[in-house]
Amino acid sequence: MALLNITKIRLPAVVLGAVLLIAACADNSPDALLTKAQDARDAQDPETATIHLKNILQSNPEHIAARILLGEVSLEMADPAGAENQFRRALELGAPLEPIQLPLARAILQQGRFHDVLEFLLEHDPQQPDEIAVSLQLRGEAHYALRHLEQA
């Protein structure tokens, strides 16, 4: 009878220990979390993507790729100010301008800062044909909002 009571106590403890060990061994490296964030974004789950990205940045605030992806997700979640902050911080950390340039311009535009976006795009003119088209569209939207109908 005593053996039966010990078994009843030890079995749940062993199962609990195994579950905790498996959870502790889960890959929560920045690269794994970045992959999970991208997967969540692709699955149209920006909230989960944001959680993964903020977990990366909590332990590694200089993770450029996480900042850029968080900026993109923030734009998708209608948080242009948050997106701008993430893109600008990525630039401060040494990210190249090219992949951030148009999303940053869109974030500025979505905040209603029409003069600022025109100035930014004037200073940072894209070179690739598809980027030029997007830049012209953003400029047109800013000019239209400012009632510069001929320039729009």
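Because only heavy atoms are used, hydrogens play no part in the values below, and waters and symmetry mates are left out as well, while side chains stay in.
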If you measure from the Lys or Arg side-chain nitrogens to the Asp or Glu carboxylate oxygens, is any gap between E92 and R88 under 4.0 Å?
-> no
Could you tell me whether the side chain of H63 and the main chain of A66 form a donor-acceptor pair under 3.5 Å?
-> yes
Roughly how far, to the nearest 0.5 Å, is CD1 of I100 from NE2 of H124?
-> 11.5 Å
Sidechain N-carboxylate O distance under 4.0 Å for R139, D125 | yes
CG (L118) and CG (L138) are apart, to the nearest 0.5 Å, by 9.5 Å
Least distance between heavy atoms, A83 atom then A107 atom | CB-CB, 4.2 Å
Between F87 and R89, is there a cation-pi geometry (under 6.0 Å to ring centre, at most 45° from the normal)?
-> no
Within-4.5 Å side-chain heavy-atom neighbours: Q86 and L57 | yes
Does CD belonging to Q58 count more than 12 external heavy atoms closer than 6.0 Å?
-> no
CG/L53 to CG/L34 distance, rounded to the nearest 0.5 angstrom?
-> 6.5 Å
Does the side chain of E131 come under 3.5 Å of the side chain of Q101 through a donor N or O and an acceptor N or O?
-> no
Would you mind checking if R67 and E62 are paired as a salt bridge, meaning a charged N to carboxylate O distance below 4.0 Å?
-> no
Please tell me if the side chains of P126 and Q128 come closer than 4.5 Å, counting only heavy atoms from C-beta onward.
-> no
How far does NZ of K36 sit from CG of N55, to the nearest 0.5 angstrom?
-> 9.5 Å
Is it true that atom NE2 of H115 has more than 12 heavy atoms of other residues, nucleotides or ligands lying nearer than 6.0 Å?
-> no
Determine, for R106 against E72, whether the closest basic-nitrogen to carboxylate-oxygen distance falls under 4.0 angstrom.
-> no
Spatial distance of atom CG (L69) from atom CZ (R41) [nearest 0.5 Å] | 5.5 Å
Heavy-atom distance under 4.5 Å between the side chains of E84 and R113, does that happen here?
-> yes
Which atom of L75 lies closest to which atom of P103, heavy atoms considered | CD1-O, 3.5 Å
Are a donor atom and an acceptor atom from the side chains of E141 and Q137 found within less than 3.5 Å of each other?
-> yes
Hey, what do you get for CD1 (I56) to CG (L70), rounding to the nearest 0.5 Å?
-> 9.5 Å
Side-chain heavy-atom pair T50, M77 within 4.5 angstrom cut-off = yes
